[in-house]
Asker: 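The structure follows.
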Amino acid sequence: MKGQIRELIATALTALRDAGTLTQVPDIDAIHVERARQAEHGDFASNIALVCAKTARMPPRELAAQLIDCLPPSVLLDRVELAGPGFLNFFVTKQALYSVIDEIRNAGAAYGRSNDGHGRRVLVEFVSANPTGPLHVGHGRGAAYGDALVRVLRAAGFAADSEYYVNDAGRQMDILALSVWLRYLELCGVAIDFPDNAYRGDYIRDIAAKLFKLQQQRLVRAEIDLTRNSGDDPDRHLDDLIEHTRSVLGAEHYLVLFTLTRDELVADIRSDLHEFGVDYDRWFFESELVESRAINGVIDSLLQSQHVYESEDALWFRSSAFGDEKDRVVRRANGNFTYFASDIAYQHNKVQRGYDTMINIWGADHHGYVARVKGSMAALGNKPDDLTILFVQFAVLYRSGEKVAMSTRSGEFVTLRELRSEVGGDAARFFYALRKPEQHMDFDLDLAKSQSNDNPVYYVQYAHARICSVFRQLTEKDIDTGWQHQTDYTLLSADHEIELLRALSRFPEVTAAAAAAYEPHQVAYYLRSLANDFHTYYNAHPFLASTPELRDARLALIDATRCVIRNGLWLLGVAAPEAM
RNA sequence: GCGCCCGUAGCUCAGUCGGAUAGAGCACCAGAUUCCUAAUCUGGGGGCCGCAGGUUCGAAUCCUGCCGGGCGCGCCA
């Protein structure tokens, strides 16, 4: 509807230009049409006359009046009023509102979709947590946001793919493998001294148990020496232990240990996210970039173009030339590439795969990386503007009014699994979806758990279940109805019904706006508002106890409402239960 | 110190490229069910949109400076 009104205005503007009243006409996309906030302002309002008044050298109200005269006739509009300093207020006909019911009925699951994206290819990368342990509630926020964004983008006509980047090639993975091996040795009866800075979580013991089950004592070595003192540097001590592990196990068995550790952790993350309703199109492993020598490739290329130089035995990317505070190391003096080097290769890989737009969803602690990553794109001849980096602020957890300290290494955190089992996946996803990502978030665990019935997701789901219940009654009471074939929508004249119809007609605008702004939370707020319109209607009017004609019209209306709620919840990855 | 994010009702948060009288949930108070699910609905109180300037027909929204909170500034990952 909004688009149609925009076209009507464009036609009127063109007519005024042809008549010589206007010298220039704004682009159709620049014509601002919005939903009126108040009923007396009609359904839609436009400030076009206020915007164009200056260039037209004409008082806004006079221009607005001429625009109204030039508007082509339309079945959509009942009347157009001139208001305030020069607003155009559009009043939509009831007939146009009624047609929304058939529109929804015909489109079904496709209602709310658009082709704004014109099939442009978008890659959304999110979560991408290092596979060093279970996901925690912070990752859950990124997952809920990223997945909803992908769904919303697809609904708006973008060819959106989702991807998880797995850092499986660095030192942390070796520390992880070491941690598993040490726990495994414990199971084998070998006395060890577990380092404080290795991974201490219980999940390490689980993987060790699996390793023991598969390998029995095969990864125990007589020459193990874990008592060696590497001095006061705990990091150095870990590195020595890793080196020792490699050497006593040999390459083949180290690979067994390493691969099992990685695969177990990745599988755990994958199933965790799957149960959260998040399934990726691709899991991209950093090790692929190592094995294909893609990292060497981009660094060599940057060396040739002088964007990378050598200093103090290390290789540095000249990111200061691209607005970064300082240059960054891509290959350490010890010959190992940094994670940043992998990131350069990974980002380049995305570009080569032909994406028009790339969206990275990062934790807020990574904002310092923007300049160097965008700089590396520019240095490789790619367009930095094709990459949009969105930040998800941390969810600060509170339990019993106290901040919950979180540390992956120490194993002290609330996992996404715990959250899901305690408040439910639907509630968790909706809870996350209600907040825009850059907003700081206080996540009160006690509130989320103890008052889970207050979570608005139930409010929306209940509306859906209530509608389903009405239709069950229809069957149970064996009511003879032809609502699916013959309905006289003009009987829907109550204020509540008109309000509900208006709300339903708004859904396509909501999905389009949510996609354009990368803000799926708009869908969540819309759903709550729609559910409110429905519940109000439900309480005010009986559906089944009316005359057959009115009953059938109302059934058509709430069936359409059910469809929109279902479509909207789907965009957020939340179920639409038929009974509660 | 520098950079990024945020500051709206008691609490948690919306507020659509600047638009007309700033909204919702929770909490609080008062009500609604012989009828389709009361996980619902109706009504009420509650605001210096952090502060101060600026931009213009118009600012919660844009700009500048302060104040307050979060995060980041490694040859870590």
Asker: At under 4.0 Å, does any side-chain N or O of H41(A) touch on OP1 or OP2 of U21(B)?
Answerer: no
Asker: Please confirm whether any donor atom in the side chain of Y369(A) sits under 3.5 Å from an acceptor in the base of C76(B), or the reverse.
Answerer: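 Side chain to base: pair present.
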Asker: Return the nearest nucleotide to the side chain of N130(A); candidates are C36(B), A77(B), G15(B).
Answerer: A77(B)
Asker: Between C36(B) and N539(A), is there an OP1 or OP2 to side-chain N/O distance shorter than 4.0 Å?
Answerer: no
Asker: Please tell me which of the listed nucleotides, A14(B), G19(B), A77(B), lies nearest to the side chain of Q172(A)?
Answerer: A77(B)
Asker: Is there a donor in the side chain of T132(A) and an acceptor in the side chain of Q172(A), or the other way round, less than 3.5 Å apart?
Answerer: no
Asker: Q439(A) has a side chain; which of A20(B), A14(B), C36(B) sits nearest to it?
Answerer: A14(B)
Asker: Pick the C1' atom in G46(B) and in G23(B), then give their distance to the nearest Å.
Answerer: 13 Å
Asker: So, under a plain 3.5 Å distance rule, would you say the side chain of H367(A) forms a donor-acceptor pair with the base of G3(B)?
Answerer: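 Between G3(B) and H367(A), which were checked side chain against base, a qualifying N/O pair under 3.5 Å is present.
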Asker: With hydrogens left out and only the distance checked, is there a donor-acceptor pair under 3.5 Å joining H535(A)'s side chain and the base of C41(B)?
Answerer: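 Side chain to base: no pair below 3.5 Å.
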Asker: Check this one for me: any side-chain N or O of R37(A) less than 4.0 Å away from OP1 or OP2 of A20(B)?
Answerer: yes
Asker: Please state whether the base of A77(B) and the side chain of D365(A) form at least one donor-acceptor pair under 3.5 Å?
Answerer: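 Result: no qualifying N/O pair found.
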Asker: Checking side-chain polar atoms at under 3.5 Å, does Y458(A) have a donor or acceptor matched by the opposite partner on D426(A)?
Answerer: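 Short answer, no.
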Asker: Which listed nucleotide (C76(B), U21(B), C13(B)) is nearest to the side chain of Y525(A)?
Answerer: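 The closest nucleotide is C13(B).
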Asker: Without decimals, in angstroms, what is the distance between H541(A) NE2 and C41(B) P?
Answerer: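 Those two atoms, NE2 and P, are 15 Å apart.
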Asker: Whether R332(A) contacts A77(B) is assessed here as follows: a side-chain N or O lying under 4.0 Å from the phosphate OP1 or OP2. Is that the case?
Answerer: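 Affirmative; the distance criterion is met.
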Asker: Measuring from the side chain of M580(A) (C-beta onward, heavy atoms only), which nucleotide among A39(B), A20(B), C5(B) has the closest atom?
Answerer: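 The answer is A39(B), which lies nearest to the side chain.
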